[in-house]
Amino acid sequence: MQTKKSMHGAWANRWMFVLAATGSAVGLGNIWKFPYITGENGGGAFVLVYLVCILLVGLPIMMAEVLVGRRGRESPMNSMRDVALETGSSSLWRFVGGMGAITGFLIFCFYTVVAGWVLYYVAGMGLGQFEGIDRAGSEAIFTKLISSPGTMIIWYTVFVVLTAMVTAGGVNKGLERASRIMMPLLFVLLVVLLGYATTTGSFGESWHFMFDFNFDKLTWGSVLVAMGHSFFTLSLGMGTMMAYGSYMGKKDSIGSTVLMISVLDTLVALMAGLAIFAVVFANGMNAESGPGLMLNALPVAFGNMPGGQLFGFLFFVMVAFAAWTSAISILEPAAAWVVETFGLSRKKTALILGIIGWVLGLGALLSFSTLSEVKIIDMTIFDFLDFFTANILLPLGGLLTSIFVGWFVTPSISRDELALPKAWLYVAWLFVIRVVSPLAVATIFVAQLVEKFG
Ligand code: TRP
């Protein structure tokens, strides 16, 4: 009886962590961003580099972040400081946590814009606006949306308010329960979408596009985007996984949990990509159409499959939900930092961050219309935030984290926290986190700079 009870308790804990961390990882990055950057970077070879980055950079760094969080049991900043002090290193490491809070805030600004688009499509699907729609009709709807700031601001505001409400601590419990239904349902609907994709006549083409490794199109720029995305999609490089790791049970295995989260996350991305490209090719759409790819393609699929109005509505609800559970985690390091530094309540913190985020995000929102002429290094505000956070700030945060955990945290601590089932697994992890991950990130940074300016 005794053992049964405690085993059950441990299970519930682990499940919660897996749920929260998967909720954070699976989001717009998988369904919106992965397909559009794969399209822009020529498919196959890019996907391969992305998968290698998940394995050699993402997975080991996620383990590192979770172990620091679980050891420190505080906000990312303070966890880093405490673990640094415990190992006799400088407390300056806390600034890596601080950098993460700022990075998260910048991601929040454009992430919520895309989430606002998704809410608009939830409504559109619900109202049956996409019934029998073709390529031209679908593209016209998206173009109209991004050139209508008023409409966008409404849905954007709804999303920011929803996120801030959870940050304030209001609907947290309900959200955890809802995740248990929404996440599996998202998966099921992706299978439905894939089923439809096989009937478009272009599934084979989509498969070849994603998995034929054609290295001609691969530049260092694409490699950088693939690496950056491995951070973005696994919610790494800014402390999210540290924050979530701090709630993880002491006995739970970090390695197998992290593996499970990465596999689920990657599966969702690959499924979304396969389905979207089948629709893109079947309808003669352009794979390189950028951030609008998903929203141009999917309405055509749902508009023309049997039961598509219902499936489409449910699908966009799930995507919105996935975006919601991710957005919360993007804001969390900043929120934890404000609460700890200024001693404000969660409610006030959520209100202040929500308002500042909303105002700054307007810049990204308007960069599709009113502010489309404003360019930062040749990019619109939206594109710049997307590029700069995912491809520079997150890998930089990850690089510093891997150096910290690999070289400064004493092996006795990391071995104890990871408790890997085989000794050689720990040795392999230590080698990767010390040498392979930092070197990979640094090499890709330098190669990209040389390619651009050399
Ligand atoms: N991983 C999420 C997605 O793919 C986005 C996200 C959540 C994120 N938390 C993060 C990205 C922390 C970077 C860092 O949609």
Side-chain angles (χ1 to χ4, degrees), residues 19-38 50 53-54 57-59 61-62 64-66 69 75-76 96-97 99-118 159 163 166-167 175 179 182-183 186 190 225-245 258 261-262 264-273 291 294 318-337 357 385-401:
L19 211 61
T22 311
S24 165
V26 175
L28 296 173
N30 307 62
I31 299 160
W32 160 74
K33 192 170 179 188
F34 173 72
Y36 107 67
I37 55 177
T38 300
Y50 157 78
C53 286
I54 293 279
V57 183
L59 245 165
I61 291 185
M62 200 197 291
E65 282 201 22
V66 175
S75 72
V96 177
M99 189 180 102
I102 295 171
T103 307
F105 203 63
L106 293 177
I107 295 178
F108 187 76
C109 293
F110 74 89
Y111 202 85
T112 45
V113 174
V114 182
W117 294 346
V118 172
F159 189 82
T163 307
V166 180
T167 303
L175 207 64
S179 294
M182 303 289 219
M183 283 291 161
L186 174 67
L190 272 171
V225 174
M227 176 190 69
H229 189 63
S230 72
F231 283 94
F232 188 89
T233 193
L234 293 177
S235 306
L236 298 175
M238 54 152 278
T240 287
M241 288 298 164
M242 258 179 231
Y244 281 19
V258 160
I261 296 164
S262 313
L264 280 176
D265 185 80
T266 306
L267 266 181
V268 171
L270 295 179
M271 285 164 77
M294 165 185 97
M318 298 313 129
V319 175
F321 187 80
W324 194 18
T325 53
S326 298
I328 297 158
S329 78
I330 294 173
L331 205 53
E332 185 53 31
W337 176 76
L385 284 174
D386 184 357
F387 182 88
F388 186 64
T389 52
N391 303 328
I392 309 290
L393 292 178
L394 295 178
L396 197 61
L399 176 69
L400 293 171
T401 306

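Remember, it's 1-based here, ligands and their atoms both numbered in the order they're listed. Hydrogens, waters and symmetry mates are skipped; everything else that's a heavy atom, side chains included, is used.
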Student: For Phe110, give me all partners under ring-ring contact (aromatic ring centres under 6.0 Å, His included), at least two apart in sequence or on another chain.
Tutor: Phe382
Student: A side-chain contact here means heavy atoms from C-beta on lying under 4.5 Å apart; do Phe388 and Ile392 qualify?
Tutor: yes
Student: Assess, by modelled atom type and distance only, whether the side chains of Thr240 and Ser235 contain a donor and an acceptor separated by less than 3.5 Å.
Tutor: no
Student: By ring-ring contact (aromatic ring centres under 6.0 Å, His included), which residues pair with Tyr36, not counting sequence neighbours?
Tutor: Trp32
Student: Not counting sequence neighbours, which residues clear ring-ring contact (aromatic ring centres under 6.0 Å, His included) with Phe387? List them please.
Tutor: none
Student: Can you give me a line-by-line list of nitrogen or oxygen pairs between ligand 1 and the protein shorter than 3.5 Å?
Tutor:
residue	atom	partner	partner atom	Å
ligand 1	1 (N)	Ser24	O	3.3
ligand 1	1 (N)	Ala25	O	3.1
ligand 1	1 (N)	Phe232	O	2.8
ligand 1	1 (N)	Thr233	O	3.2
ligand 1	1 (N)	Ser235	OG	3.0
ligand 1	4 (O)	Ala25	O	3.0
ligand 1	4 (O)	Gly29	N	3.3
ligand 1	4 (O)	Asn30	OD1	3.4
ligand 1	9 (N)	Ser235	OG	3.2
ligand 1	9 (N)	Ser329	OG	3.0
ligand 1	15 (O)	Leu28	N	3.1
ligand 1	15 (O)	Gly29	N	2.8
ligand 1	15 (O)	Tyr111	OH	2.5

Student: Quick check: closest heavy atoms across Leu234 and Ala25, and the distance to 0.1 Å?
Tutor: CA-CB, 4.3 Å
